[in-house]
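Small disclaimer: the values here were computed from a predicted structure and weren't measured. A note on names: the letters A, B, ... follow the listed sequences, proteins ahead of strands, and every chain is numbered from 1.
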Number of protein chains: 2
Amino acid sequence: MTIFQTIAYDLSRRISDGEFPIGGSLPSEHQLAIHYERARGTVRHALNLLASRGMLVARQGSGWFIQSTLQQHGFTQLRSFAQWALTKGMKPSGRVVSSATMTASPAQARAFRLDTLQSVLRVVRIRGLDGREIMCERTVYAPWLVDMIASLPGDEVSVVQALEERFGIVTAHADHSIDAVAASSEDARLLGVRRSSPLLRVRRHSFAKDGRPMESGDDRYLPGSVAFEVASSLASSTLSRTIS
Amino acid sequence: MTIFQTIAYDLSRRISDGEFPIGGSLPSEHQLAIHYERARGTVRHALNLLASRGMLVARQGSGWFIQSTLQQHGFTQLRSFAQWALTKGMKPSGRVVSSATMTASPAQARAFRLDTLQSVLRVVRIRGLDGREIMCERTVYAPWLVDMIASLPGDEVSVVQALEERFGIVTAHADHSIDAVAASSEDARLLGVRRSSPLLRVRRHSFAKDGRPMESGDDRYLPGSVAFEVASSLASSTLSRTIS
DNA sequence: AAGTGGTCTAGACCACCGT
DNA sequence: CGGTGGTCTAGACCACTTT
């Protein structure tokens, strides 16, 4: 954790705690620099980080103003359905519907960068929030993870957390593609809705710290259960729109 | 024009001119600082600006690499349906279905931070890509923008660009919430699909540089037409998942 | 006039990458 | 190991806003 990240984190917490109201202003950069006992440049780095998340806005000659008190919870929660649910004060659940090893399809071999036909593990899970089942998840795990995943219990609530704690494997990067689809007949059966009713689909490829592909997933949520939120600024953005 | 903007502009031009190939690397920050006869910090400021546009990426310990020779990536495209379509080589179209001023509802007054009941402008548009109508867009503009929007022609392809070029008003930040919904009867009629068929919904609040709210939008896309992509890393992410 | 954010300088040390 | 980007410092001057 760098110093400017620490300062940003502290300011972010103080803002969401209501120490500074929306529309109000922060102490000046000079005063913040004195308070944190750091150079002004370091404080500015932290402020710009929060501005890129839409939490703050600077008005030249006037000050830094609070634009939003919302915490933009980031990647840590996005990685894991269970960890996200817990931070929201909800109880996540999960059950494995099916689990099978199979030789990688050409598309999977490409996604996992395999030379030869190796075995991948395909797991279908149903996920619930506070007892209500809201999502079905079809995950394909890369060959190097198969044994680890297979060793986990079927009702393991957080696979991501288990991988991290037991094997030290951390998800460091993920690409998400979000769109809407009509429920297939399998979706309909798993989620208890009519066929061709709307679902929010999130396709995901995730990678370990060393860049190795870990898993590809296809999650389908009932409408009205979750939404994905993105804050984007001129300064920096990770979101883009693609033709599909 | 500041110095770092001038350097960014010059580098951007040299990259677009093919002086550095895609995947290739730039001279080191140290060498660039000597070349431009500026401090390294100033050169870094320029490089970070280009990185935020998706033109460059930095690899620590290794160098700055050319990611794309195209201008206008990320947020710039996200701000505007039309500008995004153009960078993808597609022809955007748009037509206004209805346009009406009304007094702000309580929810709108909150979103736009109005004290009194002022007039907002609600516009419904249909958007097309290469002649195919794929999206309906319901936008509510803040009172201070109403006169400017009203002065634009109904078939103005890019409202965002028009606001920028004619009035100097730039969208600097936006929050997006993405989920799936069933088509309402109005959606069905506008888009030519069956009622309750799946649509991808993107709700948006956008803000000017000074933090003033500009517009709130509700865009609904036909499935299979576009997807939203998010790249997120441990280091930084703007995406989050919310209960809805 | 005083205070604020925006930019710039000229150093320094660190973590990381390649050889 | 030397070179690279990432961070940080302690100043300086400017443009802008507020009083």
Side-chain angles (χ1 to χ4, degrees), chain A residues 1-11 15 20 23-52 54-67 170 172-173 208-212 233-236, chain B residues 1-11 15 20 23-52 54-67 168 170 172-173 207-212 233-236:
Chain A
M1 197 73 150
T2 62
I3 293 167
F4 79 87
Q5 283 170 330
T6 309
I7 294 177
Y9 181 80
D10 185 63
L11 283 173
I15 291 167
F20 308 101
S25 70
L26 246 43
S28 71
E29 295 179 353
H30 179 67
Q31 287 172 324
L32 287 172
I34 292 172
H35 174 262
Y36 288 109
E37 296 179 304
R38 292 294 167 181
R40 186 180 152 216
T42 307
V43 170
R44 274 184 67 77
H45 199 160
L47 291 167
N48 281 317
L49 185 64
L50 296 181
S52 78
M55 193 173 237
L56 296 177
V57 186
R59 288 210 279 275
Q60 189 175 39
S62 173
W64 284 92
F65 295 83
I66 284 80
Q67 179 79 354
V170 179
H173 181 85
K209 265 202 293 238
D210 59 7
R212 271 188 297 182
S233 294
L234 258 184
S236 82
Chain B
M1 198 71 150
T2 62
I3 294 166
F4 78 87
Q5 283 170 329
T6 308
I7 294 177
Y9 181 81
D10 185 63
L11 283 173
I15 291 167
F20 308 101
S25 70
L26 245 43
S28 72
E29 295 179 354
H30 180 66
Q31 287 173 323
L32 288 172
I34 292 172
H35 175 261
Y36 289 109
E37 297 178 305
R38 292 294 166 181
R40 186 180 153 217
T42 307
V43 170
R44 273 184 67 78
H45 200 160
L47 291 167
N48 281 317
L49 185 64
L50 296 181
S52 78
M55 191 173 240
L56 296 177
V57 282
R59 288 210 280 275
Q60 190 175 41
S62 174
W64 285 92
F65 295 83
I66 284 80
Q67 182 81 355
V170 179
H173 182 86
F207 303 88
K209 264 203 294 242
D210 59 7
R212 271 188 296 181
S233 296
L234 261 183
S236 82

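Closest to the side chain of B:Ala58, out of C:dG5, D:dG6, D:dC8, is D:dG6. Here the nucleotide nearest the side chain of B:Arg44, chosen from C:dT7, D:dC8, D:dG5, is D:dG5. When distances run from any side-chain atom of A:Ala39 to the nucleotides D:dA10, C:dG6, D:dG5, the shortest one goes to D:dA10. Nearest to the side-chain atoms of A:Glu29 among the listed nucleotides C:dG6, D:dC8, D:dG5 stands C:dG6. Looking at the side chain of B:Ser28, the nearest of the listed nucleotides C:dT4, D:dT9, D:dT4 is D:dT4. Each of C:dG5, C:dT7, D:dT9 was ranked by its minimum atom distance to the side chain of B:Phe4; first place goes to C:dT7.
Summarising the geometry, the separation between CG on B:Asn48 and C1' on D:dT7 is reported as 12 Å, rounded to the nearest angstrom. Rounding to whole angstrom units, CZ of residue B:Arg38 and P of C:dT7 are separated by 14 Å. Put simply, CD1 on A:Ile34 is 12 Å from P on D:dA10, counting in whole angstrom units. Whole-Å rounding puts the A:Leu56 CG to C:dG6 P distance at 11 Å. Put simply, CD on B:Gln31 is 11 Å from C1' on D:dT4, counting in whole angstrom units. Rounded to an integer number of Å, the gap from A:Leu49 CG to D:dC8 C1' is 16 Å. Counting to the nearest Å, the C1' atom of D:dC8 and the OH atom of A:Tyr36 are 17 Å from each other. Atom CG of B:Leu32 and atom P of D:dT4 are 11 Å apart (whole Å).
For C:dC8, neither phosphate oxygen OP1 nor OP2 lies less than 4.0 angstrom from any side-chain nitrogen or oxygen of B:Thr42. Not one side-chain nitrogen or oxygen of A:Arg59 sits closer than 4.0 Å to the OP1 or OP2 atom of D:dT17.
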Please produce a list of atom pairs where a protein N or O lies less than 3.5 Å from an N or O of nucleotides 12-16 of chain D.
from	atom 1	to	atom 2	distance (Å)
D:dA12	N6	A:Arg40	NH1	3.3

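Applying the salt bridge (Lys or Arg N to Asp or Glu O under 4.0 Å) rule to A:Asp10 yields the partners A:Arg13, A:Arg14; only residues at least two apart in sequence or on another chain are considered. Taking the salt bridge (Lys or Arg N to Asp or Glu O under 4.0 Å) definition, one finds that A:Arg44 meets it with A:Glu29, sequence neighbours left out. Residues forming a ring-ring contact (aromatic ring centres under 6.0 Å, His included) with A:Phe4 (at least two apart in sequence, or on another chain): A:His45. By the side-chain hydrogen bond (donor to acceptor under 3.5 Å, both in side chains) test, A:Gln60 is found to be paired with no residue, residues two or more places apart in sequence or in another chain being considered. Scored by the salt bridge (Lys or Arg N to Asp or Glu O under 4.0 Å) test, B:Arg59 finds no partners at all (sequence neighbours excluded).
Residues A:Ala51 and B:His173 approach most closely at O-ND1, 4.3 Å, considering heavy atoms.
Distance check: B:Thr42 OG1 to B:Ile3 CD1 gives 6.5 Å after rounding to the nearest 0.5 Å.
Among the atoms of the strands shown, none is found under 4.0 Å from any heavy atom of B:Leu47.
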